[in-house]
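The structure displayed is predicted, hence computed values, not measured ones. Hydrogens, waters and symmetry mates play no part in the numbers below; they use all other heavy atoms, side chains included. Every number for a ligand or one of its atoms is a count from 1 in the order of the listing.
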Amino acid sequence: MNHEDGRHDKRNTTPKYERAFYIGRFQPYHLGHHKVIGMLINEVEELIIGVGSAQKSHTTIDPFTAGERVMMISKAVSEFDIPFYVIPIEDVEYNSLWVSHVKAMVPPFSVVFSNNPLVERLFYEAGIPVRNLPMFNRGKYSGTEIRRRMIEGEVWESLVPKCVADIIYEVKGVERIRKLAQTDYGGR
Ligand code: ATP
Ligand code: MG
């Protein structure tokens, strides 16, 4: 960290973290995530965004594929002036090995930003510092709420960045999740 390489924010002398890790399932990426990242760019030089449960798709809880989520995140985050890496991470049903699994998949990082208690605990036990984040309008900016609105036919577009809504239209995401919400007991 020095002044010559321009890595110091001139308005703020607090050194930035070199590279930080932020993980979610991003089913879908929404404005809560987007506001968090908008805040993180002031605190970190580079950001690694882990796309968790990468192997999951085509369920009402995890409707989008890893590739679709990578596309949503990449398009939305490119609006910010920060180098970033979007990396799909499959689940390992073995919590005590999860941090090693993450470290094997992503570039090196020195801090984790998360509010997820399990994620916090696993990184804490691995000796990697974890910082908490503010929650923005959690009632609305929530994957669960957005998926519920899609299934119920309510307005969801205002809860995600415009480029994310366009991707969801492109992959016929609403049609997909509504189909997945049906049962074979009739009625719908
Ligand atoms: P779901 O309801 O499917 O769990 P989610 O909205 O919690 O979706 P995740 O992908 O699980 O989205 O979240 C990734 C990270 O973003 C988590 O650490 C979560 O706490 C955080 N997060 C989610 N919503 C918000 C929000 N509105 N403001 C700030 N952080 C959020
Ligand atoms: Mg969540």
Side-chain angles (χ1 to χ4, degrees), residues 17 20-44 47-77 79-80 82 84-93 95 98-99 101-102 105-106 109 111-124 126 128-152 154-165 167-168 171 173-174 176-178 180-181:
Y17 294 102
F21 182 62
Y22 178 55
I23 184 149
R25 285 172 25 260
F26 306 109
Q27 291 283 10
Y29 181 88
H30 57 62
L31 287 173
H33 304 133
H34 205 55
K35 283 180 192 288
V36 162
I37 292 179
M39 226 186 63
L40 289 183
I41 62 168
N42 299 312
E43 298 194 39
V44 308
L47 190 59
I48 304 161
I49 303 162
V51 182
S53 300
Q55 82 286 4
K56 291 189 181 165
S57 72
H58 294 81
T59 73
T60 52
I61 295 170
D62 291 281
F64 302 108
T65 66
E68 289 162 351
R69 290 177 276 156
V70 165
M71 202 158 56
M72 292 175 198
I73 297 163
S74 305
K75 286 211 175 154
V77 177
E79 165 187 314
F80 298 119
I82 188 172
F84 66 93
Y85 311 85
V86 185
I87 305 197
I89 299 174
E90 290 173 24
D91 291 332
V92 287
E93 301 296 335
N95 287 339
W98 185 73
V99 170
H101 171 64
V102 168
M105 299 300 295
V106 312
F109 56 91
V111 65
V112 175
F113 285 87
S114 181
N115 288 333
N116 180 296
L118 175 62
V119 170
E120 281 182 48
R121 185 67 198 179
L122 294 177
F123 279 112
Y124 166 79
I128 299 170
V130 179
R131 297 260 323 266
N132 290 129
L133 293 159
M135 287 306 237
F136 297 100
N137 206 341
R138 182 61 163 153
K140 282 190 348 186
Y141 296 157
S142 130
T144 301
E145 171 64 8
I146 293 166
R147 297 189 303 273
R148 186 196 67 75
R149 289 187 184 203
M150 288 174 167
I151 292 168
E152 302 295 331
E154 296 176 21
V155 172
W156 54 272
E157 291 89 337
S158 56
L159 309 183
V160 302
K162 162 95 174 49
C163 59
V164 170
I167 291 164
I168 292 171
V171 303
V174 176
R176 181 190 299 166
I177 194 170
R178 295 189 77 172
L180 294 167

inquiry  = If I compare all heavy atoms of Leu122 with all of Val99, which pair ends up nearest, and what's the gap?
reply    = O-CG2, 3.5 Å
Any protein N or O within less than 3.5 Å of an N or O in ligand 1? List each pair with its distance, or say none.
from     : atom 1 : to     : atom 2 : distance (Å)
ligand 1 : 2 (O)  : Thr144 : N      : 2.9
ligand 1 : 2 (O)  : Thr144 : OG1    : 2.5
ligand 1 : 3 (O)  : Arg25  : NH1    : 3.1
ligand 1 : 3 (O)  : Arg25  : NH2    : 3.3
ligand 1 : 3 (O)  : Arg147 : NH1    : 2.8
ligand 1 : 3 (O)  : Arg147 : NH2    : 3.1
ligand 1 : 4 (O)  : Arg25  : NH1    : 3.2
ligand 1 : 6 (O)  : His30  : NE2    : 2.7
ligand 1 : 6 (O)  : Arg138 : NH1    : 2.9
ligand 1 : 6 (O)  : Gly143 : N      : 2.8
ligand 1 : 7 (O)  : Arg138 : NH1    : 3.2
ligand 1 : 7 (O)  : Arg138 : NH2    : 2.9
ligand 1 : 8 (O)  : Gly143 : N      : 3.3
ligand 1 : 10 (O) : Arg25  : N      : 2.9
ligand 1 : 10 (O) : Phe26  : N      : 2.9
ligand 1 : 12 (O) : His33  : NE2    : 3.0
ligand 1 : 13 (O) : His33  : NE2    : 3.3
ligand 1 : 16 (O) : Tyr22  : OH     : 3.0
ligand 1 : 24 (N) : Arg138 : NH1    : 2.8
ligand 1 : 24 (N) : Tyr141 : O      : 3.4
ligand 1 : 27 (N) : Phe136 : O      : 2.6
ligand 1 : 27 (N) : Tyr141 : O      : 2.9
ligand 1 : 28 (N) : Phe136 : N      : 2.8

inquiry  = If you apply the rule salt bridge (Lys or Arg N to Asp or Glu O under 4.0 Å), what do you find for Glu154 with Arg148, and how did you get there?
reply    = CA-CA 8 Å; Glu154 296 176 21; Arg148 186 196 67 75; 3.0 Å; yes
inquiry  = Using modelled atom types and a 3.5 Å cut-off, is there a donor and acceptor pairing between side-chain atoms of Arg147 and backbone atoms of Ile177?
reply    = no
Whether Ser53 side chain and Lys56 backbone form a donor-acceptor pair below 3.5 Å = no
query = Rounded to the nearest 0.5 Å, how far apart are CG of Leu159 and OH of Tyr141?
reply = 6.5 Å
note = Closest non-hydrogen atoms of Ser114 and Leu133, given as atom of the first, atom of the second and distance, are N-CD1, 4.1 Å
